[in-house]
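Whatever order the structure lists them in is the order used to number ligands and atoms, beginning at 1.
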Amino acid sequence: MRLRSKIHLYTSALFAVLLIVMNLSTYYMFSELSVNNQLDRAEAQAIQIANGMRQAAGEIPTQDLLRGYVPVDGMIRMIGSDGTGLPPVTSGSQQHLSKQKAIYDTTKRVQVIDDLDQTYISVSVPVIWSDGEVMNIQVTESMQSTMDTLQVLRIVLMVVTCIALIPVLFSIRLLGRLIMKPISAMTLTMKEIRRSGRFNRLELEGHSKDELMEMSMTFNDMIELLENNYKKQQQFVSNASHELKTPLTIIESYASLLKRRGMDRPELFHESIEAIHSEAIRMKEMTEQLLLLAKQKEQWNISIVKLNLSELAMGSAKAFRNAYRREIHVDGTPDVFGYSDENKLKQLLFIFLDNAQKYSDDDIVVEVGSLDDEAYIRIIDRGIGIASDKLPLVFDRFYRVDEARNRQGGGVGLGLSLAVEIAEVIGVRIELQSVEGKGTTAVIGMTREAPNIS
Ligand code: ADP
């Protein structure tokens, strides 16, 4: 059975049972109350009649008394202890009651009896008559009006149950449709994704914040994540296969050269090993950067903390100085603090320092300071610089300003695009200012106030 039918069936059945139980209990309570009321009233009336008759006994003939006290819709009679007595007196329409068997009761008795498809209350009250004998005065009265009222109530409740079920059924149908709509849309979209191989999204209608909308939004987020993952993997495969072709060809051609003539011409040996070594390093570096770029930002394990930027710059400069044997001066204000991820910020700093050492020969300056609510680190070189029309392009993947000029420096054009991704994830601002022939300044800016991390 489909979910929609299940919702429909179970909810309708539940509502119907609830309505029936409610109406049945209402009916039961009302009928109990009405019948009991009438019994009490009939009993009180019978006692009153019995008292009245006893007082008038002797003065008025008993048969006349019976006639005087006969109920509008019933019968009255007097029975002696031997079961005999005067003939019963009935109202016009209830003559058939006189055929009821006369039974003497020693105690007061109230009972409901049926006669000719009608319901009656019969009350028997023992009285001591004027001659000292204990007699029964029995008053029988029709309950038909109460029974009619209960019959009307039964019909009304039945009709009300049926009428009340109509809007309930409609709203259950509506509810089923409301719940099923996003689920059906999601199933349809999933089938479409499987069929077409495209990462389709659900269309989100309205601005509701309910669980169904949340589920649809989560589904869209998940599809976006999958799409990003897929794109990144595709990009990685195509970038890697494209970019690794050149160094692999160079390595292969030098290896072949060595194989053919390495033994006869030793001068070729040195050149080939040099080329193979540098291409291998380039490939390693490129693969590492490509792998990092292929990672989802969520997998980067970022932790934003308060950092002493002056100390961080000093430490990075020292490590760099040792590795590259280049002079780096750290200037600016001591103890400047900013909020970022320490490891990723260092990585960013290394990318800019690496570019500064690759594209300049003079000393490099690292400046730490703060302006308004921003703390910054500037990496300043006095190297070849970048032409203003090329400046916006240097952040693109694999873009190199001048391939020939950069080739010997070993750059693959991935450093700055990686810098953009890192900056975005750790929430810092990066900027390149450059004058061709004069030098370049890279700026890393970040907040000095603790950010709200949700
Ligand atoms: P690469 O690995 O080639 O350095 P990047 O993405 O880091 O790749 O830089 C892209 C290009 O931008 C470089 O090839 C270079 O031409 C230019 N560039 C980056 N930094 C500097 C700099 N400090 N001075 C001059 N040119 C630079």
Could you tell me whether I384 and ligand 1 have an N or O pair separated by under 3.5 Å?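 No - when backbone and side-chain N and O of I384 are compared with those of ligand 1, no distance drops under 3.5 Å.
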Polar atom proximity, D381 to ligand 1 (N or O, under 3.5 Å): yes
Given that the side chain starts at C-beta and the backbone is N, CA, C, O, which of these parts of Y399 lies under 4.0 Å from ligand 1, counting heavy atoms, or is it both or neither? backbone
Under 4.0 Å between heavy atoms, the region of T440 that gets near ligand 1 turns out to be side chain
Check each atom of ligand 1 against the heavy atoms of [X] and keep those under 4.0 Å away; list them by number with element.
| X | result |
| --- | --- |
| K358 | 1 (P), 2 (O), 4 (O) |
| R400 | 3 (O), 14 (O) |
| L414 | 6 (O), 8 (O) |
| L416 | 5 (P), 6 (O), 7 (O), 9 (O), 19 (C) |

Is G385 in contact with ligand 1, taking contact as a heavy-atom separation below 4.0 Å?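 Judged by the 4.0 Å heavy-atom criterion, G385 does count as contacting ligand 1.
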Shortest reach to [atom] by a heavy atom, considering only [options]:
| atom | options | result |
| --- | --- | --- |
| atom 3 (O) of ligand 1 | G415, G413, A356, A419 | G413 |
| atom 7 (O) of ligand 1 | L353, V401, N355, I364 | N355 |
| atom 26 (N) of ligand 1 | I386, I379, I351 | I386 |

Determine whether K108 and E43 make a side-chain contact, defined as any pair of heavy atoms from C-beta on separated by less than 4.5 Å. yes
May I ask you to check whether [X] and [Y] show a side-chain donor-acceptor distance below 3.5 Å?
| X | Y | result |
| --- | --- | --- |
| R326 | S360 | yes |
| Y27 | R154 | yes |
| Y120 | Q94 | yes |
| S310 | D335 | no |

Around F337, counting heavy atoms of other residues, nucleotides and ligands shown, do more than 12 lie under 6.0 Å from its CZ?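 More than 12 heavy atoms, drawn from other residues, nucleotides or ligands, come within 6.0 Å of this atom.
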Check the surroundings of atom CZ in F15: do more than 12 heavy atoms from other residues, nucleotides or ligands lie under 6.0 Å from it?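 No, CZ of F15 has 12 or fewer neighbouring heavy atoms, counting only those of other groups under 6.0 Å.
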Charged tip of R397 within 45° of Y399 ring normal and under 6.0 Å: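 Here R397 fails the 6.0 Å and 45° test against Y399.
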